[in-house]
Amino acid sequence: MALLRRPLLVLLLVVTHQFLQLWIVFGSVNEEGQKQEEFFEELLLKPLPDRKLLTHFHFQSSAPPSSNGRHHHLFPKAISQLVQKFRVKEMELSFTQGRWNYESWGGFDSIPSSNAKPPGVELWAVFDVPQHLIDALWKNLTHTLSGLFCASINFLESSTAYSAPEWSFPPASGNLRYGTLPREAVCTENLTPWLKLLPCRDKAGISMLLDRPSIYRGFYHSQRLHLTSTGSGSEGLDPGIILEQTLTVVLLPNSQRASLARASEKHIQPSWSLRSIFGKEVSGKCVLAENSNVYLLLDRGLVAELKQLHKEDEESAEKVLASENYWTNPIFELSAKPDRIFIEESSLLSKNSSILYKFEVEKYSESEPFDLGLTWKIPVVWLCQQAPLHASRFLMGSGNERGAIAISLKSTQSCEGFTGANFDDERCELRVDVFQVVPWYVKVYFHSLQVFVDQQPKAVSDIIEKIHVSPSKDKVSPGVMELVLKLPCSVSSAALTIEFDKGFLHIDEYPPDANQGFDIPSAIVSFPNFHASMVFLENDSLNKSPLLSKFQEKSPVMSYTEVLLVPLTTPDFSMPYNVITITCTVFALYFGSLLNALRRRVAEEERFLKDKAAKKSGRLPLLLSKLSAKLRGRHSEPPHSTPGSSSLVNSKLVFKVILVAGLAVCWQYYFS
Amino acid sequence: MEKLKKKFGSFSFWNWVIASIIFRLILIYFPKNLNLPSRPEVSTPLTSFRRLAEGYWLKQSSMSPYAGQPNHLLYSLVSVIGDVVSAMLIRATGQNLQLAYFRTLDSLDLVKQIEGSEVHSSGDVAALIYLCNPFTIVACVGLSTSPIENMAVILCLYGACSRLIPLAAFGWVIATHLSLYPAILIIPVHHFFQPPRKLFLQRHQQKGVLNQSKLPPGFSWRPIIHFAFWALVWSVYVLVLCGISLKQFGGLWEMFKSTYGFILTVEDLSPNIGVLWYFFAEVFEFFRNFFLIVFHVNILFIILPLAIRLHHRPCYLAFVYVAVCSMLKSYPSVGDSALYSGLLGWFVNELSDMQFSLFLFCGYVGVSLLSPVMHNLWIWRGTGNANFYFATATVYACLQIVLVVEGVSAMLNHDRKLRSLIAGKPQDAKS
């Protein structure tokens, strides 16, 4: 039986495979008129100045607008259903662990400005529906995403957790909702569902490199999912969707040479190869991908430094950098030969241009896997390009009652170059947008906003051009502050401070570790006048690469500040019963004694007065004497004891008890 | 307290007034050192000056973003003036009351019996207590809005006492608008307009002769309708003003929801000198509504028994209502206790044989010293615990309860004494 079955099974497999292939070909032919579903996979590697390596995986799937929206060849069905159901126009979800180090990893390129994300989960979505429907859709969307990505995104459902920025958030639109969960722990259970959206998962192509231990060992990793639906103009046609998945990891290559501990080589950047950082190699591309490329980016600062080094021995540095045999030059050595070299068009902003090496994975196979390595030969020191101002945020004040949030902006020297080039006139101004969300239990007093420029307090109206504030409502909505600052270009530091009171929560609202504190989500500082874009020469071939076309887009420079940890006062969590009983006792004391004072009758009062006159003492001594009498075993007789009445009461009581017992017995007898 | 009053009585009244004003001005000069505006005892969510400024800023910013903030110094001067005006009104009311008291005694022919004991000028005493009370000073210097609220309440009582019905209605409407609880003062205000006749009738029946000139006017609907009319006029006026200023922010309903709703559903759980904040921070969520109802009904339930028992003393009734409210309100502050302790001064003569007065005085001093310490330990140093602060709040609530209960029973005893004197007199005459 088994022998007979196996060939059959194989035959069946072969047939279905053939059929599937035919069907795919047929399907693609059928849609020749329209665009096809496409998938691109790319990897960008970029050495960072502080001996680390940036690896940026970029996967893009796109589905064209089509009428038979139920079926997709490559595009994940879950995502297309989500877009259709919730009418999402644009959406971005990111899971991040660690903090992007703007000072040493740069803040001006398009990688940090679109891929550096706040810690935890950040979600924003733009909906294509009227205003009043958005909140309901947002709630459903958070629940769906939480199921899709195994994360507690559903906590963004409550209206205290999300906000609707008006204009300061870069994809500004009235239909935007924005929420963050700063404390969300990001781990491999979030990565697996993310990988499931890729047609080859992590079984083939570049995504094979995604080795979990090496990714989560990194200093920073941010896993992002960006959706854009290109509007469905005609009816019956499902919207085209572009799904962009990126994974940005900053790793420290562990070079063997550093351990040799030779003093001169300590300064040399660590050499790395794909195998040494991920423990894996790429064996060919994912067959479903249109193209599959690996890029190595040497940024402007590094190229300038290299030119500097070259000038000492050679004249035509530019030529050497771009020449075909550049990959074995005196400064560093690449283990693979790049297929193409792109040089950035030098722009107004900077004289230097970055260089991009392209490696096509297509050429490599199982037998000859692709492994890119970079070996430095001499020490190189450079700086990444920074945003005009470096933003950081901190808390001021002590105690658990109130405090202040300060956002400080420090000028990075790098910006002076382009500000000088950009604005020559006297009234040079630097526009900075600040978007800040504070949870409701941090009660911000917006009137206490103060602005300091170069340590000098300035009138708020001089610096702040535009302000939009929506104050928080307790347990309903967070406070949102959107500011547009106009700073003079010569500014070296600026600071905004705003005071707040710390709220007191109900015991159920505290998280399990209440004494750790609460997180205030990152503020977003963006510079709308500065755009991070890299325009490469030889445009013709770039259209095929989504990553490079992404680089060419003009995206505003933005950065996230730190997440703040605010300790809040905690009540005693073990006290609810005690507090309830004590408070109720106080209230009963009030009500009972006041009513007693009110209903006391005259006759009773006179008797009481007589007693008092007899005793010649106040009420308290009377009570005390009674108490002491009780303690001593009542040898002083109680004032007016009536034994007759008490025995009468007793007999009545006994009678009642007997009556009730009899009734109970009858009841029992009757029902049994 | 009685001893203090005696001491004050011997000094010149105006000297004390001027001294207290100067003291306030000196304190206003050091706002930073004292840090009073942020004390939980002074500024509750309802009376905090910071919140007022924030609201003002937000309102301004919707039109012109940076019209500036109200001047602190100006506001503190306003609250000083408010305090002085309240004290003067208390004084006038107290003098009125004393006049009425003597007239009543006169009409009952009891002046001789009273004259034996020492009689204080209760108006002066009450005004001085109000002005020199540390609670009042702290509330005034601490930029809380309670001096203004207190002034509205006192204005209402003054108007009612001196039969200025429009003024009484104005005070009542403003006080209710500011803090909701003074709404129940409508009952004592109505009692003012229909003085009791029972005592007189009892007395005169015994005598057999009705002295018409000494008899107070009888019950009539006219002042009540008059008051209702004016209250309606003023409330329409206030609501229209609010409606105009809040037109673009959601109108009156929004205002009711965020003021009266905020008072009734104790939403802000920041600590204050009451007990409700901790209670509602700890109570289970599904009992919350039940307890909200219970605690507010506690105020309402006691209205009727008090009104029945003390209907012949509307001013005292008003004092008891104010004290009960300040004890049970959702966000109490020391400004409230300043008000009722000021009003207590009106009844120096009647309450001279109140029990536990020394105990109460010491209790108040102790709590007002301990409560900041506990708050500091809990909030600032982190060595204490919320329970410590809650304990002082509980003690404070108990003290107020004892004060109210003892005050009420002392007043009832006093009236009983008067009645027994009336009843005793014919016997004296016979013998």
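Remember, predicted model here, so these are calculated numbers, not experimental data. When reading the values below, keep in mind they use all heavy atoms of this one structure, side chains included, and skip hydrogens, waters and symmetry mates. Naming convention: chains lettered A, B, ... in sequence-line order (proteins, then strands); numbering from 1 in each chain.
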Which value, rounded to the nearest 0.5 Å, describes the distance between Ile379(B) atom CD1 and Asn400(A) atom CG?
6.0 Å
What part of Thr569(A) lies closer than 4.5 angstrom to a heavy atom of chain B: side chain, backbone, both or neither?
side chain
Trp380(B) and Ser398(A) have their tightest heavy-atom pair at CZ3-O, 2.9 Å
Using non-hydrogen atoms and a 4.5 Å limit, figure out which bit of Val444(A) sits close to chain B: side chain, backbone, both or neither.
backbone
Toward chain B, the part of Thr585(A) with a non-hydrogen atom under 4.5 Å
neither
Drop me the distance from Asn578(A)'s CG to Phe390(B)'s CZ, to the nearest 0.5 angstrom.
9.5 Å
Looking at every heavy atom in both Val586(A) and Ile401(B), which two are closest together, and how far apart are they?
O-CD1, 3.4 Å
How long is the straight-line distance from OG1 of Thr583(A) back to CZ of Phe295(B), given to the nearest 0.5 Å?
6.0 Å
Hey, could you give me the CG/OH distance between Asn298(B) and Tyr590(A), rounded to the nearest 0.5 Å?
5.5 Å
Which bit of Val283(B) comes within less than 4.5 Å of chain A, counting heavy atoms only: side chain, backbone, both or neither?
both
Chain A heavy atoms under 4.5 Å from Ile308(B): which part of the residue, side chain, backbone, both or neither?
neither
Tyr389(B) versus chain A, the contacting section by heavy-atom distance below 4.5 Å:
neither
Taking all non-hydrogen atoms of both residues, which atom of Thr570(A) and which atom of Ala386(B) are closest, and how far apart?
O-CB, 4.4 Å
Tell me, side chain or backbone of Asp474(A) under 4.5 Å from chain B's heavy atoms, or both, or neither?
side chain
When you measure from the side chain of His506(A) to the backbone N and O of Phe284(B), does any donor-acceptor pair fall under 3.5 Å?
no
Does any heavy atom of chain B fall under 4.5 Å from the side chain of Ile580(A), the backbone, both, or neither of them?
both
Need one label for Val320(B): side chain, backbone, both or neither, based on atoms under 4.5 Å from any heavy atom in chain A.
neither
Which atoms of Lys502(A) come close to chain B, meaning under 4.5 Å heavy atom to heavy atom: side chain ones, backbone ones, both, or neither?
neither
How about Pro305(B) and Arg599(A): do any of their side-chain heavy atoms sit closer than 4.5 Å?
no
Gln455(A) atom CD, over 12 foreign heavy atoms within 6.0 Å:
no
Note: Pro571(A) and Glu282(B) closest approach over all heavy atoms is CB-OE2, 3.6 Å
Most contacts with chain B, counted as non-hydrogen pairs under 4.5 angstrom, among Ala597(A), Gly503(A), Pro576(A):
Pro576(A)
Could you tell me the separation between the CG atom of Leu505(A) and the CG atom of Leu269(B), rounded to the nearest 0.5 Å?
8.0 Å
Straight-line distance of Leu589(A) CG to Cys398(B) SG, nearest 0.5 Å:
6.0 Å
With the threshold set at 4.0 Å, does a side-chain nitrogen-carboxylate oxygen contact exist between Lys475(A) and Asp268(B)?
no
